[in-house]
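Labels below follow one simple rule: chain letters A, B, ... track the order of the sequence lines, proteins then strands, and each chain is numbered from 1.
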2 protein chains.
Amino acid sequence: METETKERPTEVARSPKFEAIERAAYELFLSRGFGSVSMDEIAKRAGVSKATIYSHFADKAELFAGMMRADCAMSWVKSELSDRPADDARGVLLELGRSYIGLLAEKGAMQRIVIAEAMRFPEIAQIFFENGPNASRLALTGYLDRVCATGKLAIPDTNRAANQFFALLRDDIYLRGLLGLDSGDDLQAALDKTVTAAVDLFLKGYAP
Amino acid sequence: METETKERPTEVARSPKFEAIERAAYELFLSRGFGSVSMDEIAKRAGVSKATIYSHFADKAELFAGMMRADCAMSWVKSELSDRPADDARGVLLELGRSYIGLLAEKGAMQRIVIAEAMRFPEIAQIFFENGPNASRLALTGYLDRVCATGKLAIPDTNRAANQFFALLRDDIYLRGLLGLDSGDDLQAALDKTVTAAVDLFLKGYAP
DNA sequence: GTCTATAGATCGATAGAC
DNA sequence: GTCTATCGATCTATAGAC
């Protein structure tokens, strides 16, 4: 979805029904996927008729792809790493780790749908990977390069190390989330422990 | 002792049509998921009529769940870790790593389907996780305990460490596979490098 | 047991009134 | 633009002949 402040030169204010359709489709698709959601259902939730939907969107696939594309295109990394201090790798990685894990939980439903429909909508899977995991990896790689320049870490391949760090953060909680399994009683404590354990292993493993 | 099991008569040979149905359903479900495969399609591929399928399986959901349940229940870990030497952690972990990555590639399609249908078939997701990732983690935890007993590694939480090791092995290749993205031209070399890099980081990070 | 034929329901998409 | 009404296709599941 896009923010309301974003200007669209070629288009005037979008009608309330149009936005209602978008919102209804987004919520339904994200909770149940492409195949299990019918256009009748979207129309009913949006409070419009089915014909109104087809006056704004060519077909069901375009409606789905439009919603997912906009959602995947949103930037993942909230905290920029380019202006982070290179002499406090532990603090920066801890903060990045907590931010990343929060992001996984927040975007969990979207990722499950993207994976489920990756065969039918390969373009969506591509956009998701580039703007999500790959963008995160690139950002961390740049930061690790700077840390290595200070001599505080010795990483032979910062690209690979960035991948490893995010892999450690995902742990098995990511897979559990994709599978819809409850991760025990004290999830937040487990997540914090996962972050600190990942940073510990990473820093010691790449110490000079 | 059940003498008359309708579903699995292990003593009596199951009819060829029954097995043809199972094989056709398994292949189709694994390649396109639950919703996109019709009973007509399964019947056509199996060379039987639709009514014959319904004479063996209650409905489409039971047919799907039966196939996926059987596939998920298959043991993952091929090489038992209980009889592995505790004084050669690097060699054992390298071998386990290659085996695990091969397994991910082999079961890639099944995992994508399990994730995609996790909401509709939570039981399948549960069985998959227990027999797959969780069983692997338990096996590795036991081995790491033995290695720590020899003093060659110092791991505060072997359960967490086992999770971390498998997470390092998955790297981002696992996610790419779920998304159906091609992982470049030289996949095998990248996989080998991922395994060695994971073992390197793990051993140095948990060195005494 | 296995088939053909079809019921019954739902879906995506459209025609036509207003 | 938006609605109601419906078409045609497709799906799951079943009835009935053999």
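Between A:R176 and A:D182 no salt bridge is recorded (no basic side-chain N to carboxylate O distance below 4.0 Å). Salt-bridge annotation for A:D157 and B:K193: absent, with no side-chain N of the basic residue lying under 4.0 Å from a carboxylate O of the acidic one.
By the salt bridge (Lys or Arg N to Asp or Glu O under 4.0 Å) test, A:D40 is found to be paired with A:K50, residues two or more places apart in sequence or in another chain being considered. Under the rule for a side chain to side chain contact (heavy atoms under 4.5 Å, CB included), B:L138 has no partner lying at least two apart in sequence or in another chain.
Residue B:K44 contributes atom NZ, which lies 13 Å from atom P of C:dT4 at whole-angstrom precision. Straight-line distance from the CZ atom of A:F57 to the C1' atom of C:dG12: 16 Å, rounded to whole Å.
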Problem - salt bridge (Lys or Arg N to Asp or Glu O under 4.0 Å) evaluation trace for A:R120 with A:E117 - result: CA-CA 5 Å; A:R120 205 195 306 245; A:E117 309 294 346; 3.6 Å; yes
Exercise for the section: Produce a footprint string for nucleotides 2-18 of chain D: one letter per nucleotide, 5' end first; B if the base is under 4.0 Å from any protein heavy atom, S if only the sugar-phosphate is, - if neither. Expected result: SBB------SBBBB---
